[in-house]
Amino acid sequence: MARTQTDPVRIGLVGLGWFGRLHRQVWDSCPGAEVVAICDVDAAAARGEGESAQDAFHTTAGTGGAARSVQDIPAFSDITQMLQACEIDLVDIATPEALHAGHAQTALTAGKPVIIEKPFTTSGADARELARMAQAADLPVCVGNILRFDPRYMHVMAQFKALGQKPQHLSLQRHFQRSALAVYGRVDPFYGACIHDIDLAIWSQGARPTRALGHISRHQQSGEVIAATGMLEWASGHTAVIQNAWIMPAATPAGFAFESTFLARDQALTVRSQPVVEQIGAARSDWPEFFFWPEIGGDIDGALRRELTHYLDCARDRKPSDRLPLDEAVWGIETADALVRSAMTGHWQDVGV
Ligand SMILES: NC(=O)c1ccc[n+]([C@@H]2O[C@H](COP(=O)([O-])OP(=O)(O)OC[C@H]3O[C@@H](n4cnc5c(N)ncnc54)[C@H](O)[C@@H]3O)[C@@H](O)[C@H]2O)c1
């Protein structure tokens, strides 16, 4: 029987690690969504019993990321087998960064709309190829650049739009505890953490930067990343400076700190990580994060929920997102590529070559 607009969108979730489990929790409480298949190479993760290092360094409101049993849902260790065995309307990819492009290509080849966690891909060539495939197949490819759905940044962009201006300079800082590097250091920081701020900068300008200068500082003995720093420039002369360090103390509230300033003539807007609720205990004080993926009343809320419900609509209507046009996600990866090349050569690099 033909499916109708009111039938739930049947989701195949690929990658049931720390963030895939949060996606799962959003879908569980999202009207019109149904996770019908899961796929993970780790059998414990596929059963919903995975344990993640991330639980120790992310403090979020509620219990966010808690494992839930998925034993009632067919589980696979291979995305192709999952797509062959199950009727799926949307593939949601939350696997490690370097696997996104391959998993998305498999899903698009099978004729499925996809959601891909950030970073979209780890090379501009892969990003462009996915955009080409999406256009050829007329399928939405939705990228998890979550700050597009954070009300604080939505407010900033709306203010500039109302003024008819673009920020002339952006100062974007986002810092994490060293323990987070054990997981997210598996990818170059310009694709990992910096992609959030690269995307903010592209969102604010509505254009691809023309050139980029990148630098990565490393620990002298271990070679571990201390900080990634990038500078972007647009044809308009507007600029952005992006800073991302991995040496915040373990007691950092919420596990990370950020400050993003958007400057134009007679206009300066700053978003920073600040407490919504202060939680002071005998041994430690903290503040749980309330904007990204807080668990409120048992459901995952915040920007992640706003993002996934928007992308659910895109998949149902088979329409690309107007909140994050795919071209802009491609520009983000091309910008990260240029920053990586620049950090290797010590010179400015053109973006998108
Ligand atoms: N939007 C955000 O702010 C945000 C926050 C955290 C993570 N993420 C992104 O989410 C993605 C997942 O991150 P995570 O923290 O959950 O990592 P993770 O390592 O905890 O989870 C990845 C999962 O993928 C599984 N996997 C590995 N290879 C696979 C394969 N071939 N097929 C199926 N499953 C496979 C692993 O077994 C693991 O369970 C990453 O791209 C990360 O950057 C985004």
Side-chain angles (χ1 to χ4, degrees), residues 54 57-60 118-119 144-157 159-160 166-181 183-185 187-205 209 211-219 224-234 238-264 267-276 286-293 302-303 332-333 335-336 338-340 342-343 348 351:
Q54 294 94 309
F57 57 74
H58 274 300
T59 315
T60 196
K118 67 94 221 71
N145 291 348
I146 194 167
L147 299 186
R148 298 246 177 177
F149 301 86
D150 181 322
R152 297 167 292 191
Y153 292 109
M154 290 163 68
H155 172 76
V156 168
M157 301 304 173
Q159 291 297 302
F160 280 106
K166 290 176 179 168
Q168 293 165 311
H169 182 74
L170 296 89
S171 169
L172 306 171
Q173 304 168 15
R174 199 166 303 273
H175 306 312
F176 296 86
Q177 297 167 75
R178 175 152 299 280
S179 54
L181 199 61
V183 179
Y184 296 115
V187 64
D188 187 290
F190 288 123
Y191 300 108
C194 294
I195 202 71
H196 289 299
D197 292 304
I198 292 171
D199 187 55
L200 281 181
I202 288 173
W203 185 15
S204 78
Q205 302 299 310
R211 60 179 194 149
L213 182 67
H215 177 77
I216 297 202
S217 56
R218 293 180 185 276
H219 193 274
E224 266 190 354
V225 172
I226 296 171
T229 310
M231 185 163 171
L232 311 180
E233 188 178 59
W234 280 262
H238 294 181
T239 49
V241 173
I242 292 172
Q243 290 175 264
N244 158 226
W246 295 87
I247 47 175
M248 291 300 291
T252 300
F256 51 80
F258 61 84
E259 182 161 322
S260 325
T261 298
F262 303 75
L263 294 164
Q267 198 65 217
L269 281 99
T270 296
V271 179
R272 51 176 80 90
S273 46
Q274 282 194 323
V276 171
D286 204 347
W287 66 70
E289 211 290 321
F290 260 91
F291 287 92
F292 295 139
W293 39 79
I333 299 301
T335 303
L339 287 164
V340 171
S342 172
W348 284 92
V351 177

Under 3.5 Å: donor-acceptor pair, side chain of Gln177, backbone of Gly255: yes
His155 side chain reached by Val271 side chain, heavy atoms, under 4.5 Å: no
Flag side-chain contact, heavy atom, 4.5 Å: Val241 against His169: yes
Note, Asn145 side chain near Trp203 side chain (heavy atom, < 4.5 Å): no
Sub-4.5 Å side-chain heavy-atom contact between Ile202 and Thr335: yes
Salt bridge (Lys or Arg N to Asp or Glu O under 4.0 Å) contacts in which one or both residues fall within residues 241-264, not counting sequence neighbours: Glu259-Arg272
Any Gln205 side-chain heavy atom under 4.5 Å of Pro167 side chain: yes
For Phe262, ring-ring contact (aromatic ring centres under 6.0 Å, His included) partners two or more places apart: none
Nearest-0.5 Å distance, NZ of residue Lys166 to OG of residue Ser204: 8.5 Å
N/O donor-acceptor pair under 3.5 Å between Asn244 side chain and Ala227 backbone: no
Six-ring centre of Tyr184, Lys118 cation under 6.0 angstrom, axis tolerance 45°: yes
Heavy-atom check, side chain of Leu170 versus side chain of His238, under 4.5 Å: no
Atom pair SG/CG of Cys194 and Leu200 - distance to nearest 0.5 Å: 11.5 Å
Side-chain heavy atoms of His196 within contact of Asp150, under 4.5 Å: no
Side-chain donor/acceptor of Ser273 to backbone N/O of Ala257, under 3.5 Å: no
Whether Phe176 and Trp246 hold their rings parallel, tilted or perpendicular, with breakpoints at 30° and 60°: parallel
Separation of Ile242 CD1 from Leu232 CG (nearest 0.5 Å): 4.5 Å
Sub-4.5 Å side-chain heavy-atom contact between Asp188 and Ile216: yes
Glu289 side-chain N/O to Phe291 backbone N/O, donor-acceptor pair under 3.5 Å: yes
Separation of Ser342 OG from Met231 CE (nearest 0.5 Å): 11.0 Å
With Tyr191 via side-chain hydrogen bond (donor to acceptor under 3.5 Å, both in side chains) - residues at least two apart: Asp337
